[in-house]
Amino acid sequence: MLLTRAPRGTRDILPPEAEKWRRIEEKARELCRLYRYGEIRTPLFEHTELFSRSVGEETDIVSKEMYTFEDRGKRRLTLRPESTASVVRAYLEHNLNAAPQPVKLYYIGPMFRYDRPQAGRYRQFHQFGVEAFGSQSPALDAEIIHLADQLYRQLGLPDVALEVNSVGCRRCRPPYREKLQGFFREKLESLCPDCRQRHGTNPLRILDCKEETCRSHFREVPTLGDNLCPECGSHFAALQEGLKNLNLPYRVNPFLVRGLDYYTKTVFEFISPRLGAQSSLGGGGRYDDLVEVCGGPPTPGSGFAVGLERILLALEEEGLSKEEEAPEVYVASIDAGALPRVDLLLRDLRAKKVSCERDFLGRSLKAQLKQAGRSRARLTVLLGGDEFREGKALLKDMATGEQDTVSLDSIIDAVLDNLDREV
RNA sequence: GUGGGUGUAGCUCAGUCAGGUUAGAGCGCCAGGUUGUGGCCCUGGAGGCCGUGGGUUCAAGUCCCAUCACUCACCCCA
C-alpha cells in the first residue's frame, strides 16, 4: 500500500490548477444563470439499481465500470458513474413534476467509473451537466446545445465540432434494430470479434466500430435517419431547423450512437481535434422514457454533460498558462521589534480587502525582499529601524523599485492609493 | 479486461547498451557576496534505501524474474 500516492485514476488539484477549474466552473454557472438552469446537488452515491435500471444493464458502465459496495445496513450502493439518473430520482422524490414545466437543472461534481486510466480519462472525473424535464420541444434540445456551445466558445475552444443524430423512439427503434441485425446476419463472418458480440446484444453499436472490415459495410447499411417514424423524423428536422436558426454549425452523423441506453430521438456530441484518443468533450441527448423507467409519470427530458478534465486538457493544448495569483502587498520587517506592528498592518489591509503576506521563517530583510519579488507582489511595506521610531514606514513599488517614506497613520491610504483603489 | 512505453534529487533528465572506487547536471529551494532592500551575476549548502521484492555475481542504478505505480492505446466514454 502506497500511502504517499493517490489511488489509481485519481489525482490532487493544487492551487495553480484549481484556479483554472474555478474559471471553468464560474463560466458554467454564469451560463446557467443566463439560460435559467438552477443548481441541484445530489448525493455522490445512490442505490445501485437506480443506475442499472436507467443507464442500462447491458452498457459498459453498468456491466464493468461501477464502484459498487454494500454498507453496514446491507444496502447495495454505487458511486455515481453519471448524474442524469440521480437528477431524475430527485425530480421524482421532490415532486418537481408538480412545478411549472420545464424544470431546468444543472450540476457540477465528481463521477466515478472503474476504467483503465488514460489521457483525459480518470476513475474520479468531473462533469458539468444540465437536465430539462417536461417538454418534448426540439427547441429545448437546441437551447441545451447552444448553452454547451457557448461554454466551449467562451472558454476559448472555438474549434469544437458538433455532431447530431436521432436514435428514434421505442416505436421506431426496435424495427430498425431488427433490420440492422438482418443486414449483418449474413456478413457476420467479416465482422470483428467485438461486433459479432454486439450483433446479439446491441447491434446499433456496430455503427460505432472503427475496424475497417466492419466499416466497409457502412455504405449500404440502413441508417437510423431513413428509418425514423414520422414523429421522430419531424422532431429531428425541427431540431436541425433550430440549430440553423441559432447559427450553430453541425454535422449529421448517422453513425452517432451513444453508449447509454436511455437516449431517444436527439443525440449529440462535441468533438475536439486536440484531445487525442478521447476526442469527445461532451455530449447528451433526449431521454423521453427515462422518468417512466424510474417509476414516474411519462415525462420527456433532455440533457447534456461535459467532462471538466477534457476541457482542461483541450485548453492546455491551447497553451493557456496557469499563473498563481500574486499578493498585492508584502509586509517586511527591518528588525524584529516591528513585528507586532506588521501583524496589525496585515490585519488592517485585509479589512480593506487587500491581499497581503508576511514572512514566517525569520528571514533576513534581504531574503524577505527576495520573497516579495518572487511572489510578484505589487507593493512592499517595510517596517522598522529609524523610520519606525519616527512613526514612519517605507512603501516600495516592486515594478519600478521606487520607494517613499510614509507616516504610519496614513500607510493604509497610501497603499490603497498606489493600488488604484478607492481610499 | 488486453497490449506497448516508462520508473534515478521537489521538477526535467544524464548514467543502464559493453556490471567495478564517495551516483551527476540544469532548474527550483536555503544561506552568503561587510552598514537596512528583490530581479542579473558569483559562491556555498540541504535534498536520492536509483519504484519495491527476489535472483545471478567477488561486485548490481546497470543483467534476469516477479510485483507495484505512472503513461499511451484498445474496449467504452466525459
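The sequence lines fix the lettering, A, B, ..., with proteins before strands; numbering per chain opens at 1.
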So which nucleotide does [N] pair with, by the Watson-Crick or G-U wobble rule with both distances under 3.5 Å?
{"N": "B/rA69", "answer": "B/rU6"}
{"N": "B/rG32", "answer": "B/rC42"}
{"N": "B/rA23", "answer": "none"}
{"N": "B/rU56", "answer": "none"}

- Parallel, tilted or perpendicular for A/F304 and A/F268, by the 30°/60° rule?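 Taking A/F268 first and then A/F304, their aromatic rings lie parallel (interplane angle under 30°).
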Could you check whether [X] gets within reach of a base, just the sugar-phosphate, or nothing at all, counting any heavy atom under 4.0 Å?
{"X": "A/L260", "answer": "sugar-phosphate"}
{"X": "A/D386", "answer": "base"}
{"X": "A/R8", "answer": "base"}

Would you say A/I412 and A/K352 make side-chain contact, with heavy atoms under 4.5 Å?
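In short, these two side chains touch, coming nearer than 4.5 Å.
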N/O to N/O distances under 3.5 Å, protein versus nucleotides 3-7 of chain B:
from: B/rG3; atom 1: O6; to: A/R116; atom 2: NH2; distance (Å): 3.0

So salt bridge (Lys or Arg N to Asp or Glu O under 4.0 Å) across residues 278-293 of chain A, not counting sequence neighbours, yields A/D141-A/R286, A/R170-A/D289, A/R170-A/E292, A/K265-A/D288, A/R286-A/D288
Show the distances under 3.5 angstrom between N or O atoms of the protein and N or O atoms of nucleotides 39-48 of chain B.
from: B/rG39; atom 1: N2; to: A/M398; atom 2: O; distance (Å): 3.4

